[in-house]
Undergrad: 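Let me begin by handing over the structure; questions about it come next.
Naming: A, B, ... by sequence-line order, numbering from 1 per chain.
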Protein chains: 2
Amino acid sequence: MGYTIGQAAKKSGLSPYTLRFYEKEGLLPNIRKNSAGLRVFSQDDINWLQMIECLKGTGMSLKNIKQYLAWLNAGNTTINQRLQMFQEQKEKLKLQMQLLNKYMEKINFKIKLYTLAAQKGDMDVYKANPELEQERERIFGVDNPVR
Amino acid sequence: MGYTIGQAAKKSGLSPYTLRFYEKEGLLPNIRKNSAGLRVFSQDDINWLQMIECLKGTGMSLKNIKQYLAWLNAGNTTINQRLQMFQEQKEKLKLQMQLLNKYMEKINFKIKLYTLAAQKGDMDVYKANPELEQERERIFGVDNPVR
DNA sequence: ATAGCATTTAGAGCTAAGTCTAAGTCAAGC
DNA sequence: GCTTGACTTAGACTTAGCTCTAAATGCTAT
């Protein structure tokens, strides 16, 4: 159960460059090397890479991920810091998801608008569909006519 | 109804530096200047900044936002391109939201785990709560014990 | 009318996160 | 025994997106 850097790259969706970069940055400590000096990635390493993806994908910087790793390595005395970190990360993620929902509404409205405009051939869509004004105002606010 | 760069910065949540940078990059064409040479931001400019935020926030690069702006300025002949752009952006956003939901599950599980660990004082949580194994396996996969 | 602040410009500097280059090593297949 | 291809290293380079500096100008309140 050991992967070369290329195999680990495919498994994780990252490039070999990135994996070496992460190791250089201290995000992948304890990567074994075989007798020829090649890195050997374990399943644990792959799992950890997936955790990195999760934290990175929810907006955590590599620097903060490194902090988390330091807490992991420090053992049971840092359980509360780690718990708090995940709680904060959850709040951040909730806000982010709310924001994306708002963006989704805007984009959906734009699609509605442009679908009508594409049929008509021009952007004067509100005249034929005055009911859109209500929705537009709810999503974009009073003084945003949405071009 | 005109704002200084400082006021526009507050309204948009961006810094004056960023607003000047955006103008320099061609993302804010037609910003007026008053007799003293100061920029005057209109409500339309603020609205456009909010659209930029939406596109940027859903992962579009400034370069692609500039492309969209070019289509806007080109008039009705580009309605289909713009419609397609928003449709693609919507697909991207849907994937992103799915991903964030997965990350939320992972983070919630971690919070559950660390909450128990914090009570116990150590990480041997599965022994006292073997039902967690099921959930862990569903969220993280078979060969990921989740440290 | 002067102090204090916001603004202007051109251009330099910064940060995060990779990405690549060059020169070399090594194992496997022909 | 030679080629091919994946790997190694150190360190330079890239990209996106800002962020700041310096020197000058201009409004605003005392």
Undergrad: Nearest-nucleotide wise, let me know which of B:L62 and B:R20 is further upstream toward the 5' end of DNA chain D.
TA: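 Taking each residue's closest nucleotide, the earlier one in sequence belongs to B:L62.
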Undergrad: Let me confirm one number: the CG-CE distance from B:L72 to B:M51, rounded to the nearest 0.5 Å.
TA: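 Between atom CG of B:L72 and atom CE of B:M51 there are 9.0 Å.
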Undergrad: Within the structure, does a side-chain N or O atom of A:Y22 lie under 4.0 Å from either OP1 or OP2 of C:dG18?
TA: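 Answer is yes, contact under 4.0 Å.
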Undergrad: Calculate the interatomic distance between B:Q7 atom CD and C:dA6 atom C1'; express it in whole Å.
TA: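 Those two atoms, CD and C1', are 11 Å apart.
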Undergrad: A:F86 vs B:Y114 aromatic rings, parallel, tilted or perpendicular, using cut-offs 30° and 60°?
TA: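 A:F86 vs B:Y114 ring planes: parallel.
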Undergrad: Does B:D143 offer a backbone N or O that forms a donor-acceptor pair with the side chain of A:N47 under 3.5 Å?
TA: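 Checked: pair present.
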Undergrad: Rounded to the Å, how far apart are A:L38 CG and C:dG24 P?
TA: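 After rounding, the gap between these two atoms is 19 Å.
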Undergrad: Among C:dC26, C:dG18, D:dC18, which is the nearest nucleotide to the side chain of A:A36?
TA: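 Closest nucleotide to the A:A36 side chain: C:dC26.
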Undergrad: Using a 4.0 Å heavy-atom cut-off, does A:R39 contact any base of the nucleic acid, only the sugar-phosphate backbone, or nothing at all?
TA: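 It contacts sugar-phosphate atoms only.
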Undergrad: Does D:dC7 have its OP1 or OP2 closer than 4.0 Å to a side-chain nitrogen or oxygen of A:T4?
TA: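 Yes, A:T4 has a side-chain N/O under 4.0 Å of OP1/OP2 on D:dC7.
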Undergrad: How long is the line joining CD of A:E23 and P of C:dA17, in whole Å?
TA: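 A:E23 atom CD is separated from C:dA17 atom P by 18 Å.
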Undergrad: Report the distance from atom CZ of A:R32 to atom C1' of D:dC7, rounded to the nearest whole Å.
TA: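 Those two atoms, CZ and C1', are 17 Å apart.
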Undergrad: To the nearest Å, give me how far apart CE (B:M60) and P (D:dA16) are.
TA: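 The answer, rounded to whole Å, is 15 Å.
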Undergrad: Just to confirm, is there a sub-4.0 Å distance from OP1 or OP2 of D:dC18 to any side-chain nitrogen or oxygen of B:S15?
TA: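 Result: no.
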Undergrad: With a 3.5 Å cut-off and sequence neighbours excluded, list the donor-acceptor pairs that the side chains of residues 90-104 of chain B form with protein atoms.
TA:
unit_1 : atom_1 : unit_2 : atom_2 : d
B:K90  : NZ     : A:N108 : OD1    : 2.7
B:K92  : NZ     : B:G59  : O      : 3.4
B:N101 : ND2    : B:M97  : O      : 3.2

Undergrad: Applying a 4.0 Å non-hydrogen cut-off, can you work out what B:K24 is touching in the nucleic acid: base, sugar-phosphate, or nothing?
TA: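 Counting heavy atoms under 4.0 Å across all strands, the contact made by B:K24 includes a base.
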Undergrad: Give the nucleotide from the list D:dG26, D:dT19, C:dG18 with an atom nearest to the side chain of A:F21.
TA: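 Nearest to the side chain of A:F21 among the choices is C:dG18.
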Undergrad: Measure from the side chain of A:K33, starting at C-beta and using heavy atoms only, and say which of D:dT9, C:dT8, D:dC18 lies closest.
TA: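 Between D:dT9, C:dT8, D:dC18, the one nearest the side chain of A:K33 would be D:dT9.
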Undergrad: When the distance from CD of A:E25 to P of C:dA16 is rounded to whole Å, what number comes out?
TA: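 Roughly 10 Å, once rounded to whole Å.
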Undergrad: The side chain of B:I5 is closest to which nucleotide in this list: C:dG18, C:dT7, D:dT9?
TA: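 For B:I5, the side-chain atoms sit closest to C:dT7.
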Undergrad: What's the CD1-P distance between B:I31 and C:dT8, to the nearest Å?
TA: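 My rounded result for the distance is 10 Å.
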Undergrad: Does C:dT21 have OP1 or OP2 sitting under 4.0 Å from an N or O in the side chain of A:Y17?
TA: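 No.
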Undergrad: Kindly compute the distance separating CZ (A:R39) from CG (A:N34), expressed to the nearest 0.5 Å.
TA: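 Interatomic distance, A:R39 CZ to A:N34 CG, rounded to 0.5 Å: 11.0 Å.
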Undergrad: Rounding to an integer number of Å, can you tell me how far A:L19 CG sits from C:dT19 C1'?
TA: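 In whole Å, C:dT19 C1' lies 13 Å from A:L19 CG.
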